[in-house]
There are 2 protein chains.
Amino acid sequence: MIEGMGQEERRPEGFEKIDPSFQTTVRDHVHRTIRNAIIGGRFATGDKINERGLAEQFGVSTTPVKEALRQLETEGLVEALPRRGVVIRFSSSWAEEMILARAALESMIAHLAAKRIEKPADEELTAIAEMMAKATGSADADSLITLNEKFHEHIHRSSRCGYLAKLIERQQFYDASIRRVIHMDPTEREKALEEHTAIAEAIVSGDADLAERQMRNHVVRSGETYLNIVFGNKKDI
Amino acid sequence: MIEGMGQEERRPEGFEKIDPSFQTTVRDHVHRTIRNAIIGGRFATGDKINERGLAEQFGVSTTPVKEALRQLETEGLVEALPRRGVVIRFSSSWAEEMILARAALESMIAHLAAKRIEKPADEELTAIAEMMAKATGSADADSLITLNEKFHEHIHRSSRCGYLAKLIERQQFYDASIRRVIHMDPTEREKALEEHTAIAEAIVSGDADLAERQMRNHVVRSGETYLNIVFGNKKDI
DNA sequence: ATGTGAGATCTGGTATATCAGATTTCAGAA
DNA sequence: TTCTGAAATCTGATATACCAGATCTCACAT
């Protein structure tokens with residue numbers, strides 16, 4: 001018997017092992033639900049959260065609720081006062097800072113992507129940018145949303161930064177419905193397209209500093225657009 | 001009776017209400033302990049964590065352990081596979097990325113601090129920098145560590161960014177003992193002093209872009225020093 | 001020898017009970 | 001009326017029990 005040959009798997013081409021992380025848990029459902037509620041402005045900063053009450057509303061025990069609250073605490077959306085409960089920490093200024101955090105991290109990752117991107121990935125990025133141009137012309141909001149995600153995710157992969165990519169995911173606070181509203185506006189679509197194109201060119205050409213600046217500008221500017229829609233305010237940055 | 005006058009507190013000058021957050025919980029103890037173990041390299045990436053086993057080692061129930069693991073998961077130090085447990089996600093490359101994240105966020109906050117710092121705070125920052133100069137001369141490592149924290153914390157406060165400041169705290173992965181080692185080296189002390197002085201000057205003079213560059217350079221460079229000590233490796237950034 | 005699958009076992013997810021700190025209530029004293 | 005403080009109550013922190021998915025074992029068929 002040949003050592004180390006036993007654990008290989010043979011399955012017909014085209015069948016992938018199903019990702020077990022598709023499964024969801026009560027904890028994650030509670031987490032996402034509360035997160036969306038906070039971000040959607042259904043709590044005010046300082047509101048106290050009652051674990052038992054929440055558990056009852058969800059029709060579950062307090063255990064998954066506690067775990068969900070722990071996640072929210074680490075995300076910075078609530079604050080836990082030992083033995084005194086958790087209170088909401090979210091407001092428009094918090095949202096602004098989340099955008100700034102995303103801008104800082106996303107521009108860093110763009111910088112690295114420009115330095116590290118390799119042979120086939122650069123053409124793929126250009127291809128995505130070109131598809132965005134097409135979708136922008138045809139006012140296809142849903143395609144644009146999907147392509148947008150593809151675009152940023154592709155940059156994340158090209159940077160080979162797993163931790164930074166994870167960190168960025170947590171700075172997201174607007175959902176598909178809000179994005180759709182944004183992408184309805186032709187002016188916004190045009191601006192976003194210009195920025196995406198510039199970012200892609202900078203990364204493909206390996207100009208790390210330029211990619212960084214373009215990405216930061218893009219995240220901050222589009223973030224301000226979101227803020228105006230979600231909170232209807234405006235601040236200097 | 002005058003409405004709204006009942007809840008004020010009168011106590012003699014100099015007595016502060018004790019901060020209830022001084023209290024610690026089992027959960028936080030477990031969290032910090034595991035975090036330090038991961039960061040201290042006492043696990044390998046991919047190692048599985050057994051909740052029951054951990055709880056037994058700590059002599060506590062699984063509840064606080066589960067909560068601690070949830071925090072670590074959100075921090076990005078472990079990965080939770082639904083119904084399959086949690087595995088360690090930490091390596092030198094993860095540490096590098098934590099430094100990059102800190103550099104990105106800390107430089108963003110320095111930028112804002114330069115824009116937002118006000119009357120008394122700017123002189124305080126200069127004063128801290130001058131104390132650092134003195135401590136550097138007298139090779140007082142412990143003072144330097146304290147001043148270092150004061151310095152960065154002062155910038156955080158001046159930026160008036162609560163969320164970013166919290167986020168930065170989570171990117172810290174070296175403790176006092178390692179810092180002491182670093183601050184022993186006279187060359188490192190000198191370099192850090194130069195950088196701190198330059199950052200303070202940029203912020204006080206209101207040069208946001210310069211403050212940002214200086215801060216980023218400082219965090220990345222000193223981070224590399226830490227990496228070399230903790231992991232003994234070197235990478236391009 | 002190899003592959004299969006039913007059952008045993010391990011382990012994370014959830015529910016419930018209990019403990020203890022924090023807050024509120026309210027009777028009684030000043 | 002105002003203040004004090006003990007008791008009742010609320011609520012988060014912890015412990016324990018139980019359930020179910022995932023993994024392992026191993027007899028058995030091929």
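Just so we're on the same page: letters track the sequence lines, and every chain starts at 1.
- Residues of residues 52-63 of chain A that place a heavy atom closer than 4.0 Å to DNA chain C, in numerical order, are A/R52, A/V60, A/S61, A/T62, A/T63.
- With salt bridges taken as basic N to acidic carboxylate O contacts below 4.0 Å, one links A/E149 and A/R179.
- Ionic pairing of A/R160 and A/E118 is present here: one or more N-O contacts between side-chain nitrogen and carboxylate oxygen are shorter than 4.0 angstrom.
- Here the C1' atom of nucleotide D/dG12 and the CG atom of A/L69 are 11 Å apart, to the nearest Å.
- Among B/S91, B/S93, B/S92, the one residue that satisfies the side-chain contact (heavy atoms from CB on, under 4.5 Å) test with B/F231 is B/S92.
- The CD-C1' distance, from B/E67 to C/dG13, rounds to 14 Å in whole Å.
- Note: CD1 (B/I49) to P (C/dG12) measures 9 Å, nearest angstrom.
- Rounded to a whole Å, the CD atom of B/E51 is 12 Å from the C1' atom of C/dT14.
- The side chain of A/R83 places no N or O atom within less than 4.0 Å of a non-bridging phosphate oxygen (OP1 or OP2) of C/dA22.
- Rounded to whole Å, atom C1' of D/dT11 lies 13 Å from atom CZ of B/R27.
- Straight-line distance from the CZ atom of A/R70 to the P atom of D/dG12: 10 Å, rounded to whole Å.
- The side chain of A/R84 places no N or O atom within less than 4.0 Å of a non-bridging phosphate oxygen (OP1 or OP2) of D/dG12.
- The pair A/R70-A/E73 counts as a salt bridge, with a side-chain nitrogen and a carboxylate oxygen less than 4.0 angstrom apart.
- Within the structure, every side-chain polar atom (N or O) of B/K66 is placed at least 4.0 Å from both OP1 and OP2 of C/dG12.
- Between A/E153 and A/R157 there is a salt bridge, with a side-chain nitrogen of the basic residue lying less than 4.0 Å from a carboxylate oxygen of the acidic one.
- Panel note: side chain A/W94, backbone A/R89; a donor-acceptor pair is recorded below 3.5 Å.
- In terms of position along DNA chain C, the nucleotide closest to A/V26 lies nearer the 5' end than the nucleotide closest to the other residue of the pair A/V26 and A/K48.
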